[in-house]
Each structure stands twice: as structure tokens, then as C-alpha cells.
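I am attaching a structure below and will ask some questions about it afterwards.
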Amino acid sequence: MPESVIFLDYLFILVPKLVSKSAIVKRQLYEKQGAKCFYNLSSIGKGKDQKNSNDKVVIVLQNYKSLRDKINKDFLVKCLDIEYDDRSFSLKSIVLKYPIVKNDWIVESLKAGKVLPLQQFAYDISHVRVDSEISQDYLLELSDRSTKARKISEIKNQDGPATKQIKLEDTDELEKALASLSNREKFKRDNQDNDDEDDEDLLADYMAVSKNVSGPNKEIIFFFNKMANEYKQVGESYKYVNYRKAINTISKLDYPLKTYDEAIKLPNIGKSLALKIEEINKTHKLSKLFFLQNDIKYSTLNKFMKIYSVGPTIAKNWYDRGYRTIEDIEKKVDNLTSNQKLGIKYYNDWNSKIPREEVTQHYEFVKNIALKEVDSKLEIFIMGSYRRGLPECGDIDILITKKNCNDKSELAAILSKLISRLKSKDHNNYIQCSLIHSGINSKSLKFYGGCLINENSKCRRIDFLMVPYEELGASLIYFTGNDIFNRIIRTIAIKKGLNLSNIGLTFKKTGEKCIENSHDEKTIFDYLGIKYRNPEDRNIGY
DNA sequence: TAAAGGCGTCG
DNA sequence: CGACGCCT
């Protein structure tokens, strides 16, 4: 026996605490192998076994396979009996201190007759959901389960063979594992099933998106794009921008980015992004991404912010008040703005992409009405992602100008007339709703709303922008984007002491115009000292 | 450490 | 008018 004592320097925290006979038999087996066993962190050293300074503490998830869906932050916090801190990342500090492994680490180690490396059995903390309601219920259920099961079997049969059977089954499994290697494949299969499924989901996702991305670093770009979108949707706009800029840097490389050291030297890539690049290359996963996607707080903020007119402040406020679903919001929030109500009404429609071909249809439809029924001298362009050549668009952006017309009230009147025509029954109420209230006498040069091209279609977001002719160049740049491109060239302007907006290019200090009449974009590019870029080349960062 | 800029809506 | 959100 002495030579088989492999866990001599180990201290196991067994979670959750299971009191079934089989669990206790297992615990005794671990102890025979030299391990000290506890059920939570705070009881270490309180029992007969004292912690030695060289003891390696390992948190072992018992019955991992059947519990994996139930494990979340509150579950672990409660099991480990640690101080609860509601910040999303508090578990990280524990994990840094003590490894968390699935129980097959013990099983496989026993089979191998030696302690196997923890890494390959490590429980991925990034999967841990922060979800108090589910886990509280589950913990209650769990604490009863084994006693309940035993009681039922005892009632069925007073001699208790059922109990014995449970015990035999579980210890059998372990003994089989110890005794024979023929089970090795089965164990492997059983325990890797779920991970394989995760990988397949990821792969499908990856394949779908990677159609649009090629090059030696497409995997990194894929993950960084996911991170960018995740951060955008929870209101972390600087992180969003930084990821997009990093993608821009990486997508220019013609060689695969392999190491931290290579990455850190590149512009727009700092320590944390370089580490993530290394993680992606090693594991083909990004734990932070899975954390964000599975964290109840982040996914709820994400959900709320997809409502038009709900930003980070309101989403956080709702989250803090305990709201978790769109239904909660509809029922319990009594001060929704009219735009937010529309955002909920059209939640699905406005979160769907629009095929490029449909945008073309809208363009033809609006152009026709504008020229025939409003003013034949108008010039009408589709902007945004459409002008940048993308196959799908988030919305429909229409810029309208009139040659040599700088009269804003005339332009406003044109817009009012156009909108009222598009709202009319003559055109099947094409405009369904307004997000910027532009009445017939509105002086606004903008209109945002929802529109319907035909009965079978979805309601689409449409934006109109009336532009004085002298502002056309700056407006074309602004309304073409993308957002990151705009920020980059505006930053270039700042560095030259200038200010670039949709109105024009001015001197930062005096506010005077740099260019009197900038009808075209090229003049502005020239003044900034940068080469003209076609709209298709302004898709910065994915 | 800094990070784009203008404008509409709400209270 | 400040805070918030939206547009690229």
C-alpha cells in the first residue's frame, strides 16, 4: 500500500459536499491515498488534519459530469464558504490561489498510479455563470438529494439493498478505473463529450463568420471581433474601439502572429491583448470571451442595450433593480420613453441585418418619390455600410443634398415634405414610425425612423440626412464611416490642430473653416495629408 | 494616459 | 442645461 499513496502532499476541497455513502467511500479512498479532505476553504485546519505548509490545495468538483450545468459563481462561493463579493471577477482571485479540477483528475491519477498534471483537468472558470436564482434552488435541492434518495430506497426496501446498490455502482466505477485500463477510452469519451460539443458550436460560428475574413490571423481576428461586439453591447466603448483598432493592425499582417513578444511590439496592441493572442494560439479559445458571454450580468446588459434608446446607464440601472428580461422591462418599468417603447416593439426587426439587395430596393423607392413628388433637383445617396460595399447592412442611411443649396430651412422643408409623403397611405405608410419627431414645420435636417418596403418584410431602421451643399464633402465622410475610420481620421485632424466633423474641417483654436466649400471628400483628405480611400477601404477592424 | 464630434430628447 | 443616447 505505501507505494500507492500518491496524494501525500495534497489537500482536497471537495465540492459540493456530498453525503451519500458512495461519496464518503470515495473520500475514504482519497484519504487512503494520503490526501487530506475538506469541504470548504474556511474549515481548513479546523479538523483533525492540519494543513502543512507544503500541502498543495486543490479544489475538486465532485460528480462534475452530472453537475456541470449547475455550476455557477454562487454555487462555488457557497460551497467554498468564501466571502461573497458581487463583483463579477471575484472568483478569479480564488482560482489564482487554488486550482479547480474536475473529479476525473483524481480518477485518472489513480489509474496512472501517479499524480497527473492539473492543467488538463482544470475546470474552466470562464464558463462560470453568475446566476443566483438557479444556484440557490439547486443548492437546496442538492443538500436534500442524497438523503432523500436513501430514504426513498429505504422505504422501498427496509434491508436497504438499494442503498447498497448505489454504493456499489459508484465505487465500482472507481474500482474499475483503478483496476483496468480498458475503461480508459470510455472515461475519456464520457468526460470530453461536452467540451467537444462546445468546440463544434464554436467552429460552426467561426466558419460562418470567417467567410468574410481570410489571412494568416483570421482566428485571432474572429475572437477579437467577438470581444469588440461584446464590449460594445455592454457600453464599454473604449474597449470596443481598442479591439477594433487591434483587429485593423492584425489584419494587415501577412504572417501568422505567434507569440506575446511579437504581438506587443505592434501598434494598438498592449499587454492584455498580446496575452490574449497567445491564449488563442495555444488553446484556440478565449476564456474572457466565454466569461462575458456566460456571465448573467453582461448578457443581461447586452440584451437591454439592444433596445433602441437604451444605453449603458439605463441598462445598468435596470439590472441593479433586478430586472433580467425584456418582459420584466415591459411590465415593471413605468417611465419608458416613446423611443424605448418602439425599441421593444421592433426589438427583433431592428436587431436583424438587412440584405444589401433590400437596401437597394429602399433606395430606388425613396429616390423615386423624392424626385417625383418633392424636388427633381435633389441628389440622393445611400451611405453607411452600403456605400462601403458590405453584403449586409444594419440600417438604411440616406443622404440628400441639392446642388448649390446651402439654405437650411429650404432643406428642412424638403425633408418634412418627403417624410410626410413617405408616411402617406399613397405609399402604403412606408414610414411606420419616427424616432426623431419631425413635424411638417420641423427645422431639423435629420429624420430617424422605421420603414416597411412591403407587407412581408421586416420594419427597417432608416436615417435621412439633409446636407447643405457646402458641407457635402465632410458629410459624405461622416456618413460613410465606418465609426472607427471616422475616429481615426478625426484623431489625425486633432494632431494637426484641426477639428473634423460632419459639418467641415476647422481650425481647433479659432473655429474658422479650413476649406470654404468642400463639396467633395478628396479636398478634406488632401488637407489632412492622407491618401484618398475608397469607401470599400474604410471598413476598419473587421 | 487618452480615447471623435455633433445633435436630439428628456426632465 | 446636464445627462443620456444615437449617428457614422
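Quick note on labels: first sequence line is chain A, next is B, and so on, each numbered from 1.
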- Given dA4(B), is OP1 or OP2 found less than 4.0 Å from the side-chain N or O atoms of K508(A)?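 Result: no.
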- Quick one: does D395(A)'s side chain have a donor or acceptor within less than 3.5 Å of a partner on R461(A)'s backbone?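 Such a contact is absent between D395(A) side chain and R461(A) backbone.
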- According to a strict under-4.0 Å criterion, is S475(A) in side-chain N/O contact with OP1 or OP2 of dG6(B)?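 Result: no.
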- Item | Heavy-atom donor-acceptor pair, Y448(A) side-chain to dC7(C) base, under 3.5 Å |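 Not at all, since no donor on one side and acceptor on the other fall under 3.5 Å apart.
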- Item | Salt-bridge contact E521(A)-R387(A) (side-chain N to carboxylate O under 4.0 Å) |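 Looking at R387(A) together with E521(A), the answer is yes, because their closest N to O distance falls below 4.0 Å.
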- Task: Check every strand shown and say whether L465(A) touches a base, only sugar-phosphate, or nothing at a heavy-atom separation below 4.0 Å.
- Result: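 Result for L465(A) = nothing.
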- What nucleotide, of dC7(C), dG8(B), dG5(C), holds the atom closest to the side chain of D397(A)?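 Among dC7(C), dG8(B), dG5(C), the one nearest the side chain of D397(A) is dC7(C).
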- Item | DNA chain B contacts among residues 227-238 of chain A, heavy-atom distance under 4.0 Å |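 The stretch gives Y238(A) as the residues lying under 4.0 Å from the strand, ordered by number.
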- Message: Considering every strand and a 4.0 Å limit on heavy-atom distances, what is the contact class for F479(A): base, sugar-phosphate, or nothing?
- Response: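 Sugar-phosphate only.
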- Item | Side chain proximity check, K332(A) to W318(A), heavy atoms < 4.5 angstrom |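 SC-SC contact between K332(A) and W318(A) ruled out.
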- Tell me, yes or no, whether the heavy-atom count around K345(A) atom NZ, taken from other residues, nucleotides or ligands under 6.0 Å, exceeds 12.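 For K345(A), atom NZ is not crowded (no more than 12 foreign heavy atoms under 6.0 Å).
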- Message: How close do I477(A) and N486(A) get, counting heavy atoms only, and between which atoms?
- Response: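 Reported closest heavy-atom pair: O-OD1, 3.4 Å.
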- Do any side-chain nitrogens or oxygens of R461(A) fall under 4.0 Å of OP1 or OP2 in dC7(C)?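 Answer is yes, contact under 4.0 Å.
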- Message: To the closest 0.5 Å, what do you measure between CZ (R538(A)) and OG1 (T480(A))?
- Response: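 It comes to 5.0 Å.
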- Which listed nucleotide (dC10(B), dG5(B), dC4(C)) is nearest to the side chain of T337(A)?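 Taking heavy atoms from C-beta onward, the closest nucleotide is dC10(B).
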- Task: Inspect the contact between E358(A) and K458(A) and indicate whether a charged nitrogen and a carboxylate oxygen are less than 4.0 angstrom apart.
- Result: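 Salt bridge between K458(A) and E358(A), a charged N being under 4.0 Å from a carboxylate O: no.
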- Query: Do F365(A) and Y430(A) have their ring centres less than 6.0 Å from each other?
  - Reply: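 Yes, the ring centres sit under 6.0 Å apart.
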- Query: Are F447(A) and D463(A) close enough that some pair of their side-chain heavy atoms sits under 4.5 Å apart?
  - Reply: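 Counting from C-beta outward, F447(A) and D463(A) never come under 4.5 Å.
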- Query: Tell me, which of residues 485-503 of chain A have any heavy atom that sits under 4.0 Å from an atom in DNA chain B?
  - Reply: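 Close to the strand are R487(A), R490(A), T491(A), I494(A), N499(A), L500(A), S501(A), N502(A), I503(A).
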